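Quick caveat: nothing in here was measured; it's all calculated off a predicted structure. Just so you know, these numbers use all the heavy atoms, side chains as well, and skip hydrogens, waters and symmetry mates.
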Amino acid sequence: LAQGLPVVSTPIPGALDFGEVLHIGSNALEFKEAIRLAMAEDNDEKRQHRLALAQANSWDARFQELHKILGDLGIL
């Protein structure tokens, strides 16, 4: 995802949070179809969206958000 590439996953909690950009398969047949769809539907616009989503959820972005919250609370 951080490279903008299509991602296929099983329905694990972390993946479900990003269902809008991931393809999910619960069993072998669904996983195979998810791979087919991920490859067929890939384009530059979707790659850019995946990159932006990954960047917004990076460890650096999360740290900055936490730092701001703690600063707003007067802890930092």
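- Annotation for His49: atom NE2 counts as buried by contact number, over 12 foreign heavy atoms lying within 6.0 Å.
- Note on Leu66 and Trp59: separate hydrophobic clusters, where clusters join Ile, Leu, Val, Met, Phe, Trp and Tyr whose side-chain heavy atoms are under 4.5 Å apart, directly or indirectly.
- A salt bridge links Asp72 to Lys68: one of the charged nitrogens lies within less than 4.0 Å of a carboxylate oxygen.
- Remark: Glu33 CD is packed, more than 12 non-hydrogen atoms of other residues, nucleotides or ligands lying under 6.0 Å away.
- Rounding to the nearest 0.5 Å gives a distance of 9.5 Å between CG of Asp17 and CG of Leu22.
- In Gln64, the CD atom is crowded: over 12 heavy atoms of neighbouring residues, nucleotides or ligands sit closer than 6.0 Å.
- Here Leu70 contributes atom CG and Glu65 contributes atom CD; the two are 10.5 Å apart, rounded to the nearest 0.5 Å.
- For the atom pair OG (Ser58) and CG (Leu53), the distance works out to 10.5 Å, reported to the nearest 0.5 Å.
- Annotation: the span from Asp42 atom CG to Leu5 atom CG amounts to 7.5 Å, rounded to 0.5 Å.
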For this session: Just do the side chain to side chain contact (heavy atoms under 4.5 Å, CB included) check on Arg47 and Asp44 with the steps written out, would you?
Result: CA-CA 5 Å; Arg47 272 184 235 127; Asp44 287 337; 2.5 Å; yes
For this session: Evaluate the criterion side chain to side chain contact (heavy atoms under 4.5 Å, CB included) for residue pair His67 and Leu76; output intermediate values, then yes/no.
Result: CA-CA 8 Å; His67 191 267; Leu76 293 178; 3.3 Å; yes
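- Heavy atoms only, all atoms of each residue included: Pro11 and Gly25 are closest at CD-O, 3.5 Å.
- Inter-residue side-chain proximity for Phe18 and Asn57 is flagged as met; some heavy-atom pair is nearer than 4.5 Å.
- A donor-acceptor pair is defined here as one N or O able to donate and one able to accept, closer than 3.5 Å; no such pair exists between the side chain of Gln55 and the backbone of Leu51.
- The backbone N or O of Val21 sits nowhere less than 3.5 Å from a side-chain atom of Arg50 that would complete a donor-acceptor pair.
- Crowding of Glu41 atom CD: a count of heavy atoms from other residues, nucleotides or ligands under 6.0 Å exceeding 12.
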